[in-house]
Every structure is written in C-alpha cells, then in structure tokens.
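Computed from heavy atoms alone, side chains included, the values below leave out hydrogens, waters and symmetry copies. For reference, positions follow the sequence shown, starting with 1. For ligands, and for the atoms within them, numbers begin at 1 and follow the listed sequence. Since the model is a prediction, treat every value here as computed from it, not as a measurement.
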Amino acid sequence: MSKPNQTLGEFIIENQTAFKYTSGELSRLLNSIRLAAKVVNHEVNKAGLVDIIGNAGETNIQGEDQQKLDVYANDKFIQTLTKRNIVCGIASEEEDDFIAINSQDENNQNKYVVLIDPLDGSSNIDVNVSVGTIFSIYRRVTPIGTPVKIEDFLQKGSAQVAAGYVVYGTSTMLVYTTGHGVNGFTLNPAIGSYYLSHPDMKFPEDGNIYSVNEGNYSHFPIGIKKYIKYCQEEEGDRPYTSRYIGSLVSDFHRNMIKGGIYMYPKSSKNPNGKLRLLYECNPMAFLAEQANGKASDGYTRIMDIEPSELHERAPFICGSKNMVEKAEEFMRNADSEF
Ligand code: P6P
C-alpha cells in the first residue's frame, strides 16, 4: 500500500502489519538502516573534499584493499545496528567473522540477523562513480536469548525476510522488499527524509541492455560467450546496448528500471565467479524476483543455493526474466562448459 510522496517512515509503519512476523522490530531495523545510510551518504557525497579517499592501508578477508569509505561505512552500519539493539548478529563483507550482538545477555530477545556489503563497488570511489550498500535480513534459526551461531547466517536466500540496497548516485535511493514487492525511496538531502519515488518497481520482462565485464570474455563458459554474441547480433531488437558501470547496485538499478541483464559468471579464472552469495547475490536475487525478474547462477535459482561459508562466492545472472532464461538456455545447450 503506497501513497504519493509518502516518507519511508510512514511507509514502513503503514506496511508493517502486512509483514507476517510483525512486532515492530523489523520496522525499527529498517529505520536504523535508513539512518546509517544517511550518515554514509553524507560522507560519500563529500569524499572528494576530505582526506577520506584512498586506501585505509588494510585489506579485508577478500584480499581487497579496503578504501577508507569501506571502513567508514562498515563501522557506521555496525554501530547503528548495535547501538539500537535491534539485531542479534551481523555479518559484513569487511569482517572476517560474524559479530554477535549482546550475546551474553539472556534477555536479548532480538530475532534478526543482518548480512551487509557496506560499500559495494568501492573501486569506483576515487573516480566519482556511484557505489552502494546491500543488505539482507533473516530471522535467526537458533533459540532466542542464546548466542547467535554461524547457522543463523548460512541460510538459503529463500529464507530472507527483507533485503535492499542504497545507491549513492546522482541522487541517493533506498530500495527494499519485505516480500511484498519492491519500493524505491529517494533521499531529499535538504531535509534528510526519504520519499516514495518508485512505488512497486518491476523488471520489464524483456530488455535491451546487457551488463558484463567483457574483458573476461576469453575465460567465460561457452554458453555465456554464445549469449554475448547473441546480444551483439543484428536481428530483431538486437544488437542490445552494453552498459557496465562496475558497480552491481547501479547496474542492477538501471536494468530494473529500463530492462536488462547483469552477468558476473564463473570463469576459468574464478570458478565461482566474484560476487558473494550471502550479502550480494541473495539480497539482489530477492529484489529481482519480487520485481518479476529472475536470478540464477546459470543453472540453479540463486535463492535455492545452500550456503556453506560466510564469504562464499557464486556465479550471478540477474535481471529481466526472458533475458535471464535466454542466457540459461545457452548455458544448458552448450556442448561443454568451457
Ligand atoms: P569487475 C564491485 O567490486 C563488484 O562486487 C560489483 O559491484 C561489480 O559489478 C563487480 O564487482 C565489478 O567487478 O571484476 O568487473 O571489476
């Protein structure tokens, strides 16, 4: 249920009764993500003006250089979620292991865990290209009041209760789902409120944009190579347009509005692709399916994959349903994988 120009706060309250676990806790959780995103947005938007650009001089578990804004965003989301005592655990791309919140407090009745990529696309920070935050929310599976365990985080994407992203672009938007469709809210920085600007977002079933890093072409599976050539052929509504920003949230957001497909497939160099299953693929897959799109690893529905490690990677093909199914058809019909 949405009304034009509704604020995010009004929308969350109005729709919390639709959420089957409603206890107001999820609403408070979404509100804390909204607050942290505003704080991060403020820093991202002035990154060029202060000595916050550049490496923090450390690397994360992925072995990637941590940009200062990565570290800042990670700290802000963890602080906000911890201080407001809403979740029992947090897992982050920037943290080697999950973080148990107030785990010694038997009165900790918090039911939710959050998995987050605090600043995705961080390689774009220094060149002033959009970056984003991606979050995924689950109910814990271990008993409430006990210390959170790894199995609370290693749940299939189909068990998510909410997911979303913040895109720090020409405007800052928060886009999320609780399983009842996808809604986009644009931040008015002058007053610090998010307003419903994109109600009930849907992927067009077809599109003419394909997003992939073609620099890796020679290492792609045969099926992906054939699909890319299919996109480039003069036939009907093809050739499609190639658009790849190098920031998943931005490529996904554009493709959801205009119609398109994003691919980060496996390759002979990266047998599981690059994107992380738990805090990149699963939340984006939940949003995609809620927006009538599709997300798979080329063969299997992303949200059906049984996770085994916190930072495991998965090949990712996501976007307009008919485009994803066409790519899967090429993968299925290839004589061999490579
Ligand atoms: P490459 C950013 O690091 C990210 O995780 C996604 O946001 C983006 O789509 C992809 O990796 C870019 O990776 O290898 O093409 O630079």
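For the pair Lys226 and Phe220, the NZ or CZ position fails the cation-pi test of under 6.0 Å to the six-membered ring centre and within 45 degrees of the ring normal.
Here Asp120 pairs with nothing under the side-chain hydrogen bond (donor to acceptor under 3.5 Å, both in side chains) rule; sequence neighbours left out.
Listed by first and then second residue, the salt bridge (Lys or Arg N to Asp or Glu O under 4.0 Å) pairs that reach into residues 143-169 come to none, sequence neighbours excluded. The salt bridge (Lys or Arg N to Asp or Glu O under 4.0 Å) pairs that include a residue from residues 323-338 are Lys266-Glu337, Lys294-Glu325, Lys294-Glu328, Lys321-Glu325, Lys326-Glu329, where partners are two or more places apart or lie in different chains.
Closer than 4.0 angstrom to ligand 1 by heavy atom are Asp120, Gly121, Asn213, Tyr244, Gly246, Ser247, Leu248, Tyr262, Tyr264, Lys274, Leu275, Glu280, sorted by chain and number.
When the shell of 6.0 Å around CZ of Arg243 is examined, it contains 12 or fewer heavy atoms from other residues, nucleotides or ligands.
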Quick one, Lys68 with Asp70, criterion salt bridge (charged side-chain N to carboxylate O under 4.0 Å, His left out). Give me CA distance, side-chain angles, the key distance, then yes/no.
CA-CA 5 Å; Lys68 281 185 180 176; Asp70 267 352; over 6 Å; no
